[in-house]
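Heads up: the structure comes next, in structure tokens.
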There are 2 protein chains.
Amino acid sequence: MNIKLKNKYDARVKIIKAMAHSTRLFIIDELSKKEKCVCELQKMIGDDFSTVSKHLTILKNAGLVLSNKRSNQVFYKIDASCANKIICCADNIIKTKLKKESKIAGIKISN
Amino acid sequence: MNIKLKNKYDARVKIIKAMAHSTRLFIIDELSKKEKCVCELQKMIGDDFSTVSKHLTILKNAGLVLSNKRSNQVFYKIDASCANKIICCADNIIKTKLKKESKIAGIKISN
DNA sequence: TGACAATTTGGTAAAATTACCATATAATGT
DNA sequence: ACATTATATGGTAATTTTACCAAATTGTCA
């Protein structure tokens, strides 16, 4: 693979890797609804503050969220609405796979 | 986070993680064009046969590709056209980020 | 049947990711 | 200035991922 092509894939990987964690997918879902401070997210997630902060940094570096400091709190919000599309695509793949598997097992699944 | 919600995110993570590798993104691109055997992909990628085979297994388990054995070769093809949409979304995010960064630097970028 | 080609699987060392703790930084209120 | 609150950063052990080699499996062909 040539360098240019490799770089293209690496850039894509960075975005996709940023989403490849259940906590970060949760954060994306929550921030899609409404901007939130680290504090609020930490309460919902239950992990250590530093862990949540690091997840947010990863999302920010990937260009998926934006941060905004107000007083002594940092508020995060979704930057790329496209993130939701990616999740939606993943859900479609999951549904398709499930349907196929249930077809094999002879079970019907509701939409 | 409750169990049910955690499971939902884990299912999504499985799909997204399957795509979170430059070699696997390359494979998705190639298989989107045309079905190919492991042999052909291995030649293009240059990694060990076993490495390529393992990447294909990951994609298959995630429901992104299908395999079909003919004679002593295994042909793989894209199962979820949605995978391309995910890549497209990633590209949009990359482009947006690049535009924003060049705006800051005062450089114009063509579409 | 035996040799060969294509692919997968098992084992393993190296690299990357993750989560916690401790510490640092920044803003606010006393 | 000092204590407090909110967040980020550095260090590190545990876990996961990756890539290679060797060996097993499957199908073809002589």
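Just so it is clear, the values below take in all heavy atoms, side chains as well, and ignore hydrogens, waters and symmetry mates. First the proteins, then the strands, lettered A, B, ... as listed; each starts at 1.
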Quiz item: Is the shortest side-chain N/O distance from B:His55 to OP1 or OP2 of D:dT17 below 4.0 Å?
Solution: no
Exercise. Taking only the side-chain heavy atoms of A:Asp47 (C-beta and beyond), determine which of D:dT18, C:dC20, D:dC20 contains the nearest atom.
Key: C:dC20
Quiz prompt | Nearest-Å distance for atom pair CG/P, residues B:Asn68 and C:dT7 | solution = 12 Å
Practice problem: Check every atom of C:dT7, D:dC21, D:dT18 against the side chain of B:Val38 and return the nucleotide holding the closest atom. | Solution: C:dT7
Practice problem: Name the closest nucleotide to the B:Val74 side chain, picking from C:dT9, C:dA19, C:dT7. | Solution: C:dT7
Quiz prompt | Heavy-atom check, side chain of B:Asp47 versus side chain of B:Gln42, under 4.5 Å | solution = no
Exercise. Identify which nucleotide among D:dT9, C:dT7, C:dC20 has an atom closest to any side-chain atom of A:Asp48, counting heavy atoms from C-beta outward.
Key: C:dC20
Practice problem: Mind calculating the distance between NZ (A:Lys36) and P (D:dA6) to the nearest angstrom? | Solution: 17 Å
Quiz prompt | Among B:Phe75, B:Phe26, B:Tyr76, side chain to side chain contact (heavy atoms under 4.5 Å, CB included) partner for B:Leu31 | solution = B:Tyr76
Quiz item: Atom NZ of B:Lys17 and atom P of D:dT15: how far apart are they, to the nearest Å?
Solution: 14 Å
Quiz prompt | Residue A:Phe49, side-chain heavy atoms: nucleotide from C:dT9, D:dT16, D:dT7 that is nearest | solution = D:dT7
Quiz item: Roughly, in whole Å, what's the span from CG in A:Leu41 to P in D:dA8?
Solution: 11 Å
Practice problem: For the pair B:Glu40 and B:Lys34, find out whether any cationic side-chain nitrogen is under 4.0 Å from an anionic carboxylate oxygen. | Solution: no
Quiz item: Rounded to whole angstrom units, what separation is found between the OH atom of B:Tyr9 and the P atom of C:dT18?
Solution: 17 Å
Practice problem: Considering only NZ, NE, NH1 and NH2 on the basic side and carboxylate oxygens on the acidic side, decide whether A:Lys14 and A:Asp10 come within less than 4.0 Å. | Solution: no
Quiz item: Does B:Tyr76 make a side-chain N or O approach to OP1 or OP2 of C:dT8 shorter than 4.0 Å?
Solution: yes
Practice problem: For B:Lys54 and for B:Cys39, locate the closest nucleotide of DNA chain C by heavy-atom distance; then report the residue assigned to the nucleotide nearer the 5' terminus. | Solution: B:Cys39
Practice problem: Let me have a per-nucleotide readout for nucleotides 24-30 of chain D, 5' to 3', with B, S or -, counting only protein heavy atoms under 4.0 Å. | Solution: --SSS--
Quiz item: Between B:Lys33 and B:Glu30, is the closest basic N to carboxylate O distance under 4.0 Å?
Solution: yes
Quiz item: Taking A:Ile27 as the fixed residue, which of A:Ile45, A:Ile78, A:Leu64, A:Ile58 is the one that meets the side chain to side chain contact (heavy atoms under 4.5 Å, CB included) rule?
Solution: A:Ile45
Quiz item: Rounded to the nearest Å, what distance is computed from the CD atom of residue A:Glu40 to the C1' atom of nucleotide D:dT5?
Solution: 15 Å
Practice problem: Nearest whole angstrom, please: distance from the P of D:dT4 to the CD of A:Gln73. | Solution: 19 Å
Quiz item: Would you say a side-chain N or O of A:Thr51 is under 4.0 Å from OP1 or OP2 of C:dC20?
Solution: yes
Quiz item: Between C:dA19 atom P and A:Phe26 atom CZ, what is the distance in whole Å?
Solution: 14 Å
Practice problem: Could you tell me whether the side chains of A:Tyr9 and B:Asp29 share a donor-acceptor contact shorter than 3.5 Å? | Solution: yes
